[in-house]
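Here's the structure, in structure tokens; my notes come after.
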Amino acid sequence: MKKLVLFIPLALFLVMGIFLYQGLFLNPQKLDSALEGKPIPAFQLERLETPGEMLTEVDLKGQVSLLNVWATWCPACKYEHPFLTMLSRRNIMPIYGINYRDERALAIKELRREGDPYTINLYDKDGRLGLDLGVYGAPETFIVDHNGIIRFRYAGPIDQNIWKETLYPMVQQLQAEAKADGAA
């Protein structure tokens, strides 16, 4: 019996090793989003640039949009930032930012230095909205239709290839549906 007890840590180690090994082959960009097909979660957050100015999910409705989760501590966010800035200049749709678990002053300073691609930027200091969205980390981007329904979630930085091959075709389709519904 005592010898059997000695093998318990070995068995636990093997089970944990198998579990972690399987995780190496998961693609975080293909993780399911429980919110696809559901409305943006209800929230009340301050605008990043204007402490005290409160915004809600209603402020994000009306047009097909991107909802981008970002932070100054996120290297991948810095990588995607120039692309989002270029996309913003093309005025295809609003890009709403969620500054996630960050310091307000640092975020404002970075946007002033690097450019601000966001139509509206929410300040999610404690990460509550991020948690409600099921965010694993930054950056993550959600495509939201004109009714405020989340249609797609993409984890990772957006670049020209991701935009052209994955996101833009969905955006075009949702914009055509919005136009057919008589929305902006």
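Throughout, residue positions are numbered sequentially from 1 according to the sequence presented. All values reported here derive from a predicted model rather than from experimental measurement.
Taken to the nearest 0.5 Å, the CG atom of Asp124 stands 6.5 Å off from the CD1 atom of Ile98. Of the inter-residue distances, the one linking Asp126 atom CG with Arg101 atom CZ reads 8.0 Å to the nearest 0.5 angstrom. A distance of 9.5 Å separates CD of Glu165 from CD of Gln160, quoted to the nearest 0.5 Å. Annotation: the span from Leu167 atom CG to Gln172 atom CD amounts to 11.5 Å, rounded to 0.5 Å. Within the model, atoms CG of Asn99 and CG of Leu129 stand 11.5 Å from one another, a figure rounded to the nearest 0.5 Å. The NZ atom of Lys78 sits 5.5 Å away from the OG1 atom of Thr72 when rounded to the nearest 0.5 Å.
Shortest non-hydrogen contact noted between Phe142 and Ile150 is CD2-CG2, 3.9 Å. Among all heavy-atom pairs drawn from Met93 and Val64, the shortest one is CB-O, 3.3 Å. Taking all atoms of both residues into account, the shortest heavy-atom contact from Trp73 to Tyr100 is NE1-O, 3.4 Å. Nearest approach of Ala138 to Cys74, heavy atoms of both residues: O-SG, 3.3 Å.
Clustering ILVMFWY residues whenever any of their side-chain heavy atoms sit less than 4.5 angstrom apart, transitively, puts Leu87 in a cluster other than the one holding Tyr79. Transitive grouping of hydrophobic side chains (ILVMFWY, heavy atoms separated by less than 4.5 Å) keeps Leu131 and Leu122 in distinct clusters. Cluster membership for Met86 and Tyr168, using ILVMFWY side-chain heavy atoms within less than 4.5 angstrom, is shared.
Using a 4.0 Å cut-off between charged nitrogen and carboxylate oxygen, Arg151 and Glu36 do not count as a salt-bridge pair. Looking at Glu103 and Lys125, a side-chain N of the basic residue comes within less than 4.0 Å of a carboxylate O on the acidic one, giving a salt bridge.
Met54 places a side-chain heavy atom less than 4.5 Å from the side chain of Glu46. Side-chain contact check for Pro39 versus Ile149: some heavy-atom pair is nearer than 4.5 Å. Taking the side chain as every heavy atom from C-beta outward, Tyr96 and Leu66 never approach each other to under 4.5 Å. Side-chain contact between Phe152 and Thr141 is absent, with no heavy atoms from C-beta onward closer than 4.5 Å. Between Arg153 and Ile143, every side-chain heavy-atom pair lies at or beyond the 4.5 Å cut-off. Side-chain atoms of Glu177 and Asp145, non-hydrogen and from C-beta on, never get closer than 4.5 Å to each other. At a threshold of 4.5 Å between non-hydrogen side-chain atoms, the residues Ser65 and Ile95 do not count as touching. When side chains are defined from C-beta on, Tyr123 does not count as touching Thr50, because their heavy atoms never get closer than 4.5 Å.
Side-chain contact, Trp70 with Asp102: no donor N or O sits under 3.5 Å from an acceptor N or O.
No donor-acceptor pair closer than 3.5 Å links the side chain of Thr119 to the backbone N or O of Pro94. Judged by distance alone, the side chain of Gln175 and the main-chain N or O of Ile92 form a donor-acceptor pair under 3.5 Å.
Counting non-hydrogen atoms of other residues, nucleotides and ligands closer than 6.0 Å to CZ of Arg112 gives a total of 12 or fewer. A 6.0 Å sphere centred on CZ of Arg128 holds no more than 12 heavy atoms belonging to other residues, nucleotides or ligands.
Of the residues Glu80, Glu140, His81, the one that meets the side chain to side chain contact (heavy atoms under 4.5 Å, CB included) test with Pro157 is Glu80.
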What verdict does the side chain to side chain donor-acceptor pair (under 3.5 Å) test give for Tyr118 and Asn68, after you've listed the backbone C-alpha separation in whole Å, the side-chain angles of each residue and the deciding distance to 0.1 Å? CA-CA 9 Å; Tyr118 303 109; Asn68 179 257; 2.8 Å; yes

Apply side chain to side chain contact (heavy atoms under 4.5 Å, CB included) to Leu111 and Leu48, showing your working. CA-CA 11 Å; Leu111 290 175; Leu48 176 69; 3.7 Å; yes

Please determine whether side chain to side chain contact (heavy atoms under 4.5 Å, CB included) holds for the pair His146 and Leu174, giving the CA-CA distance in whole Å, both sets of side-chain angles, and the decisive distance to 0.1 Å. CA-CA 8 Å; His146 65 287; Leu174 290 172; over 6 Å; no

Do Ile40 and Val144 pass the side chain to side chain contact (heavy atoms under 4.5 Å, CB included) test, and can you show the C-alpha distance, the side-chain angles, and the key distance before you say yes or no? CA-CA 8 Å; Ile40 297 171; Val144 180; 3.7 Å; yes

